[in-house]
Amino acid sequence: MKDVFSVKLKRRRFAGQKKGGTLLGITIFKCLNKEENKLTDCAIHLNNLSEDHCQSWFRHLKEILNGFQNRPKSLKVFVNPSSHKREATNIYYEKVAPLFKLADIKTDVTVTEYEGHALSVLKECELQAFDGVVCVGGDGSVSEVAHGLLLRAQIDAGIDTEYVSKPVRAPVPLGVIPAGTTNILAHTLYGIKHAVTATLHIVMGHIQAVDVCTFSTPSKLLRFGFSAMFGFGARTLALAEKHRWMPSSQRKDFAFIKTLADLKPEECELSFLPLQIEEDTHEKDRKKKGRMGKGSKDQLQKIQGHFLNVSIMAIPCLCSMAPRGLAPNTRLNNGSMALIVVQNTSRTEFIKHLKRYSSAKNQFNFPFVETYTVREVKVQPRFKSGPDAKENMCLNVEGNYPWNIDGDLMKEASEVHVRVHPQLIDLYGVNTDDLETSQVTCNCI
């Protein structure tokens with residue numbers, strides 16, 4: 001029964017008849033695992049013309065289904081109609097909503113009208129009326145909803161949201177229905193971009209606790225997020241945002257090629273606290289508790305120089321362009337972040353590094369790439385002076401440096417402090433290690 005998500009009485013009805021009809025039996029709806037991490041639904045018809053027998057079996061099976069605690073009965077749904085090819089609305093109403101209805105899940109749907117709309121709704125809505133929140137959109141939309149959920153949790157707990165050092169967990173799980181371009185969270189949770197698979201994970205109540213980062217300046221909280229890029233990844237996004245008039249795929253290809261053509265390093269100082277690796281298996285409990293104790297007395301390590309790209313990721317960040325993940329050595333909930341630093345090098349060598357993401361080869365096996373497993377990172381840009389100062393100010397409006405946080409553009413002038421908070425939110429999905437090896441390849445670079 002663990003794979004069954006709905007049971008219905010089966011009746012024969014005439015055209016236009018909405019109620020009653022000749023009882024034929026009961027139909028059981030089941031979730032099936034297919035190849036390449038894909039899930040699908042199927043119907044099993046059990047024929048029985050006895051009203052008493054069918055009603056008895058129907059009530060008994062409904063009682064069993066109601067006993068699965070993680071399965072949602074009511075969901076708050078956000079749909080971003082502007083995601084990617086503006087297909088999110090169709091995806092929801094044609095593929096997602098019918099499965100929610102079949103599983104007797106009540107929904108309250110908000111079709112977002114502007115950036116920050118979901119955040120505003122989450123701050124005000126009665127979250128206790130829902131078992132979970134679902135976002136139909138791309139990575140940016142999902143990031144906004146996750147940020148809103150966690151921000152709401154801090155407000156409800158009476159925590160000052162200007163600066164959050166020890167955040168509390170999100171009150172309800174978050175479901176991700178992929179309808180964007182890259183769909184990193186969907187690939188990481190489901191191993192595939194497939195709306196029906198994502199929906200069935202939500203319906204079946206498959207839940208994973210996931211690590212979340214806080215991004216802060218010395219004086220305020222900027223946002224919650226799962227991953228970030230500074231340098232090339234952020235410059236590419238900033239350029240793409242300036243060309244919103246272009247179609248989505250063309251805009252991103254243009255921004256990628258243009259940023260690669262104008263490849264320039266960022267001068268900054270990185271301070272980070274390495275994660276202490278526990279050698280004794282009996283100390284795993286300490287790892288789950290955030291490795292306080294001796295590890296908390298460790299001092300920040302510093303590196304300074306010119307970097308083409310800096311990636312900070314609390315999750316593996318799988319996608320079609322990086323089947324093994326942008327940060328394949330981290331996990332959804334191991335209490336650490338991957339810090340990936342790409343030192344200044346030639347354009348040719350940098351392209352070789354980028355190509356490795358779409359292959360089975362190690363993308364970090366270059367002398368100019370350094371990787372660290374960390375608990376927190378401080379990134380402090382150094383403003384250029386002299387002949388390069390004018391160029392610096394043209395790129396960074398009002399002296400702000402671009403950041404790519406979960407596909408959303410953020411601009412900040414001062415030092416950014418990134419901390420990982422273990423298992424801060426529950427997401428509908430499965431552990432990355434349980435997924436089949438993805439066969440997706442990419443030759444876009």
Side-chain angles (χ1 to χ4, degrees), residues 76 78 112 114-128 133 135 139-172 174 209-230 234 237-238 241 268-273 290 292 296 300 310 312-315 335 337 339 374-381 383 396-427:
K76 177 63 187 175
F78 292 97
T112 57
Y114 53 88
E115 186 177 350
H117 188 180
L119 181 61
S120 299
V121 173
L122 283 168
K123 286 182 178 179
E124 304 295 334
C125 74
E126 299 292 333
L127 270 181
Q128 64 270 22
V133 174
C135 178
D139 290 324
S141 304
V142 175
S143 178
E144 179 184 329
V145 174
H147 174 65
L149 269 176
L150 287 163
L151 206 60
R152 172 64 181 271
Q154 313 317 307
I155 294 171
D156 290 347
I159 297 174
D160 182 7
T161 56
E162 281 298 305
Y163 190 81
V164 181
S165 59
K166 294 182 180 179
V168 298
R169 297 187 87 243
V172 293
L174 171 61
V210 177
D211 300 340
V212 180
C213 303
T214 50
F215 297 86
S216 310
T217 66
S219 60
K220 65 177 181 178
L221 171 72
L222 298 174
R223 68 179 299 157
F224 293 94
F226 301 97
S227 64
M229 285 187 282
F230 177 80
L237 179 62
E241 289 297 311
C268 63
E269 179 181 277
L270 303 176
S271 308
F272 57 92
L273 186 62
M292 300 304 290
S296 63
L300 291 173
V310 177
I312 305 166
M313 298 177 173
I315 61 174
M337 300 181 293
L339 171 61
V374 301
R375 279 183 287 167
E376 58 182 277
V377 183
K378 291 181 181 179
V379 180
Q380 188 169 5
F383 284 102
N396 310 306
V397 180
E398 298 179 355
N400 291 335
Y401 282 84
W403 280 79
N404 181 341
I405 300 181
D406 296 331
D408 266 356
L409 180 64
M410 182 186 75
K411 293 185 177 180
E412 187 59 44
S414 62
E415 167 190 300
V416 174
H417 191 178
V418 188
R419 292 187 180 94
V420 65
H421 303 277
Q423 304 183 19
L424 198 60
I425 192 171
D426 287 332
L427 299 182

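Just so you know, these numbers use all the heavy atoms, side chains as well, and skip hydrogens, waters and symmetry mates. All of these numbers come straight from a predicted model, not from anything done at the bench.
You'll find the side chain of Gln423 reaches within 4.5 Å of the side chain of Asp211, heavy atoms only. Counting only heavy atoms from C-beta outward, the side chains of Val142 and Leu174 approach each other to under 4.5 Å. Counting only heavy atoms from C-beta outward, the side chains of Asn400 and Met410 never approach each other to under 4.5 Å. With contacts defined as side-chain heavy-atom distances shorter than 4.5 Å, the pair Tyr401/Val379 does not qualify. Side-chain contact check for Trp403 versus Leu409: every heavy-atom pair is 4.5 Å or farther apart. No side-chain heavy atom of Ser271 sits less than 4.5 Å from a side-chain heavy atom of Gln380. Val374 is not listed as a side-chain neighbour of Ile312, based on a closest heavy-atom distance of 4.5 Å or more. In this structure, Pro402 and Glu241 have side chains that are not in contact, with every pair of non-hydrogen atoms separated by 4.5 Å or more.
Not counting sequence neighbours, Phe215 has no partner by the ring-ring contact (aromatic ring centres under 6.0 Å, His included) test.
In this structure a side-chain-to-backbone donor-acceptor pair under 3.5 Å is missing from Gln154 to Asp160. For the pair Glu144 (side chain) and Ala118 (backbone), a donor-acceptor distance under 3.5 Å is present. Panel note: side chain Glu376, backbone His417; no donor-acceptor pair is recorded below 3.5 Å. Although no hydrogens or angles enter the test, the distance criterion places a donor-acceptor pair under 3.5 Å between the side chain of Asp406 and the main chain of Ser227. A distance-only check finds no donor-acceptor pair linking the side chain of Arg152 to the backbone of Pro171 [under 3.5 Å].
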Full working for side-chain contact (heavy atoms from CB on, under 4.5 Å) between Leu151 and Arg223: CA-CA 8 Å; Leu151 206 60; Arg223 68 179 299 157; over 6 Å; no

Derivation and outcome, side-chain contact (heavy atoms from CB on, under 4.5 Å), residues Ile425 and Phe224: CA-CA 11 Å; Ile425 192 171; Phe224 293 94; over 6 Å; no

Decide side-chain contact (heavy atoms from CB on, under 4.5 Å) for Val310 and Leu339; before the verdict, give the C-alpha distance in whole Å, the side-chain angles of both, and the deciding distance to 0.1 Å. CA-CA 7 Å; Val310 177; Leu339 171 61; 3.8 Å; yes

So Thr112 and Val121, side-chain contact (heavy atoms from CB on, under 4.5 Å) or not? Walk me through it. CA-CA 10 Å; Thr112 57; Val121 173; over 6 Å; no

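Closest of all the heavy-atom pairs between Ala157 and Val168 is CB-CG2, 3.9 Å. Heavy atoms only, all atoms of each residue included: Gly225 and Val212 are closest at O-CG1, 3.4 Å. Between Leu222 and His147, the shortest heavy-atom contact is O-CE1, 4.2 Å. Taking every heavy atom of both residues into account, Ser216 and Leu221 meet most closely at OG-CD1, 3.8 Å. What you find for Cys213 and His421 is that their closest heavy atoms are C-CD2, 4.3 Å. Heavy-atom minimum distance, Lys166 versus Ile159: O-CD1, 4.0 Å.
Atoms NE2 and CZ, from His117 and Phe78 in turn, are 7.5 Å apart once rounded to the nearest 0.5 Å. For the atom pair OG of Ser141 and CD of Glu115, the computed distance is 9.0 Å after rounding to the nearest 0.5 Å. For the atom pair Arg375 CZ and Met337 CE, the distance stands at 10.0 Å (nearest 0.5 Å). Rounding to the nearest 0.5 Å gives a distance of 5.0 Å between CG of Leu424 and CG of Leu150. Taken to the nearest 0.5 Å, the NZ atom of Lys378 stands 11.5 Å off from the OG1 atom of Thr217. Residue Asp139 holds its CG atom at 9.0 Å from CG of Asp408, rounded to the nearest 0.5 Å.
With a 6.0 Å radius and a threshold of 12 heavy atoms from other residues, nucleotides or ligands, Glu124 has its CD atom at or below the threshold.
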